Undergrad: 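Got a structure for you, written out below as structure tokens; questions coming shortly.
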Amino acid sequence: MQYFDCDYLEGAHPAILGRLTATNSEKTPGYTTDAYCEEARRKIRTACGCPDAEVHFLVGGTQTNATVIDALLRPHEGVAAVESAHINQHEAGAIEAGGHKVLALPHRDGKLYADTLKSYLRDFYADETYLHMVRPGMVYISHPTEYGTLYTRAELEAIAGVCREYGIPLYLDGARLGYGLAAYGTDVTLPVIASLCDVFYIGGTKVGALFGEAVVIPRPEPARQFFSIVKQHGALLAKGRLLGIQFDTLFTDDLYWKISRHAVDMAMLLSRILTAKGYEFRFSPQTNQLFVLVDERKAEELRRRVTFSLWERRDDGRVVIRLATSWATKEEDVRVLETLL
């Protein structure tokens, strides 16, 4: 079988495993208060251009989203996000289970646009009964989106402008952030994200780590005493140094960017192969996720040899399948897949 259904099928980058093994017998303080976590924080602050940022380490994406959103919202508030957002579609109601409603908005290719957001907020406050309604207390976006598409700097600036106009924080889910930052032609960088977002996280689970996400709060005011909220949510890892070592490694010698670019390069190679074979894409390839239109018979044929995610069934009898590369995808894997397409 060839495995292209997700980007966290493998374990961890060898450099991470090597450091975890080498430090295994060391004794360090718990709960991310160790020197490894502090060094990882220093490197992340430097990469973000935010020397005063808070950096917190959590284990997984859904856990991180639920904790951040609960920290930013008051009990009567909800989070505005596009209909296709991960928190709305693929987190088993984790946000609602925490007492907050996901306020789903229309999207274009998986992206929230400033005009859509502003229209929603304007209409909300124009309703004379809005005090009886769930107040939009924050905005959630992801980069890349669920469809592998990317925001431009101008688009993020426009969204952040609307958020500031209405006095609500902007939160960016960065589960696959490395692949977005490493995409060709993007003008979005970590310092850009840090300057525009109130909270965001740098994904490790899908970008070379065994597990772990780094939450960055550039200006700590929106999420005061976040450490305690992480603890309250059961999201504070006692052996916190396991997270610090991984992010310290990822942010040493540009490893995070190098392995992310490798995944993008493998995806671009695969996209050229698919184009040469006459396949169409549902969304223009930008990152490590490719959304390909195939007829159902071909999809069933591929399933016998290839793993992929079935994303959408269309009225014309075709389906959209997602093929994902990762930091660990080898060119030989792509070449074997080429013979099966």
Side-chain angles (χ1 to χ4, degrees), residues 5-9 58-73 77-113 116-117 120 136-151 155-156 159 163 169-181 183 188 193 197-207 209 211-216 233 235 260 263 267 282-283 286-291 308-312 320-326:
D5 53 305
C6 202
D7 41 19
Y8 51 90
L9 301 174
L58 284 79
V59 174
T62 297
Q63 178 191 57
T64 299
N65 285 334
T67 303
V68 170
I69 289 170
D70 200 31
L72 293 179
L73 294 180
E77 293 177 329
V79 50
V82 293
E83 294 167 338
S84 60
H86 202 265
I87 59 170
N88 192 45
Q89 297 285 350
H90 292 110
E91 292 191 343
I95 307 308
E96 289 84 353
H100 300 288
K101 186 175 183 177
V102 177
L103 305 165
L105 304 179
H107 66 88
R108 283 175 263 166
D109 292 345
K111 294 198 288 186
L112 173 66
Y113 282 85
T116 301
L117 176 61
Y120 165 69
M138 64 179 290
V139 172
Y140 164 103
I141 59 175
S142 62
H143 183 81
T145 70
E146 289 298 288
Y147 296 155
T149 52
L150 295 174
Y151 287 95
E155 289 167 344
L156 289 179
I159 294 170
C163 289
L170 174 61
Y171 168 53
L172 186 145
D173 177 332
R176 294 186 170 94
L177 186 56
Y179 303 131
L181 296 172
V188 173
I193 290 171
C197 296
D198 296 282
V199 185
F200 65 95
Y201 80 86
I202 300 168
T205 301
K206 294 175 179 173
V207 194
F211 54 86
E213 328 297 333
V215 174
V216 180
H233 279 257
S260 297
R282 176 69 175 83
F283 308 102
Q286 291 182 280
T287 57
N288 70 314
Q289 300 180 85
L290 303 177
F291 296 83
F308 55 81
S309 297
L310 180 60
W311 214 255
E312 178 185 328
V320 179
I321 64 171
R322 185 187 72 173
L323 299 168
T325 59
S326 80

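Since we're looking at a predicted model, the values are computed, not measured.
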Undergrad: Indicate yes or no: at least one non-hydrogen side-chain atom of Leu105 is less than 4.5 angstrom from one of Leu112.
TA: yes
Undergrad: For residues Leu177 and Tyr201, determine if any side-chain heavy atom of one lies less than 4.5 Å from a side-chain heavy atom of the other.
TA: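 Answer no - side chains too far apart.
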Undergrad: For residues Gly180 and Thr287, report the shortest heavy-atom separation together with the two atoms involved.
TA: CA-CG2, 4.2 Å
Undergrad: Could you grab the distance from atom OH of Tyr8 to atom OG1 of Thr205, nearest 0.5 Å is fine?
TA: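 Nearest 0.5 Å value for the OH-OG1 distance: 9.0 Å.
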Undergrad: Would you check if Cys163 and Leu117 make a side-chain contact, meaning some heavy-atom pair closer than 4.5 Å?
TA: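 The answer is yes; the side chains approach within 4.5 Å.
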Undergrad: Once you round to the nearest 0.5 Å, how far does CG of Leu172 lie from OG of Ser142?
TA: 7.0 Å
Undergrad: Roughly how far apart are Gln289 CD and Arg176 CZ, rounded to 0.5 Å?
TA: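 So the gap between those two atoms works out to 4.0 Å.
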Undergrad: Can you tell if the side chain of Tyr113 reaches within under 4.5 Å of the side chain of Pro106, non-hydrogen atoms only?
TA: no
Undergrad: What's the spacing between Leu150 CG and Thr145 OG1 if we round to 0.5 Å?
TA: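 Result: 7.5 Å between the selected atoms.
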Undergrad: What pairs meet the side chain to side chain donor-acceptor pair (under 3.5 Å) rule with one or both residues in residues 95-107, with sequence neighbours excluded?
TA: Asp70-His100
Undergrad: Do Thr149 and Gln286 get their side chains close enough for a donor-acceptor pair, meaning under 3.5 Å?
TA: no
Undergrad: Looking only at heavy atoms, which two atoms of Asp198 and Pro169 are closest? And how far apart?
TA: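 Result for this residue pair: OD2-CA, 3.1 Å.
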Undergrad: Counting C-beta onward and ignoring hydrogens, is there a side-chain heavy-atom pair between Ile95 and Tyr140 closer than 4.5 Å?
TA: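 Side chain of Ile95 against side chain of Tyr140, heavy atoms only: no contact under 4.5 Å found.
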Undergrad: Out of the candidates Ile87, Leu103, Val139, only one should pair with Val79 under the side chain to side chain contact (heavy atoms under 4.5 Å, CB included) rule; please name it.
TA: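 That would be Ile87; it is the only one of Ile87, Leu103, Val139 passing the side chain to side chain contact (heavy atoms under 4.5 Å, CB included) with Val79.
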Undergrad: Using a 3.5 Å distance criterion without hydrogens, assess whether the side chain of Asp5 forms a donor-acceptor pair with backbone atoms of Ser309.
TA: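 No; zero donor-acceptor contacts below 3.5 Å.
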Undergrad: As a quick check of understanding, evaluate side chain to side chain contact (heavy atoms under 4.5 Å, CB included) for Ile202 and Val207, giving each step before the final call.
TA: CA-CA 9 Å; Ile202 300 168; Val207 194; over 6 Å; no
Undergrad: Restricting to side chain to side chain donor-acceptor pair (under 3.5 Å), what partner residues turn up for Thr116, sequence neighbours left out?
TA: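 Here no residue qualifies.
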Undergrad: Can you measure from CG (Asn288) to CG (Leu323) and round to the nearest 0.5 angstrom?
TA: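 Rounded to the nearest 0.5 Å, the CG-CG separation comes out at 11.0 Å.
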Undergrad: Measuring from atom OG1 of Thr67 to atom NE2 of His233, what distance do you get when rounded to the nearest 0.5 angstrom?
TA: 5.0 Å
Undergrad: Side-chain contact test, heavy atoms from C-beta onward, threshold under 4.5 Å: evaluate it for Cys6 versus Arg322 and give yes or no.
TA: yes
Undergrad: Check for a donor-acceptor pair, side chain of Tyr179 on one end and backbone N or O of Thr325 on the other, with a separation under 3.5 Å.
TA: no
Undergrad: Among all residues two or more places apart in sequence or in another chain, which pass the salt bridge (Lys or Arg N to Asp or Glu O under 4.0 Å) test with Arg282?
TA: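 Arg282 satisfies salt bridge (Lys or Arg N to Asp or Glu O under 4.0 Å) with Glu312 only.
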Undergrad: If you draw a 6.0 Å radius around CZ in Phe291, do more than 12 non-hydrogen atoms from other residues or ligands fall strictly inside?
TA: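 Enclosed.
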Undergrad: Looking at Gly110 and Tyr151, what are the two nearest heavy atoms and their distance?
TA: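 Gly110 and Tyr151 have their closest heavy atoms at O-OH, 4.4 Å.
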Undergrad: Any side-chain heavy atom of Asp173 sitting closer than 4.5 Å to one from Val68?
TA: no
Undergrad: Closest heavy-atom contact between Ala94 and Thr62?
TA: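 For Ala94 versus Thr62, the nearest heavy atoms are CB-CG2, 3.9 Å.
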Undergrad: Taking all non-hydrogen atoms of both residues into account, name the closest pair between Met138 and Leu72 and its distance.
TA: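 Taking Met138 first and Leu72 second, the nearest heavy atoms are CE-CD1, 3.5 Å.
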Undergrad: If we ignore hydrogens and angles and just use 3.5 Å, is the side chain of Glu77 paired with the main-chain N or O of Leu73 as donor and acceptor?
TA: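 No; judged by distance alone, with no hydrogens or angles, the pair does not exist.
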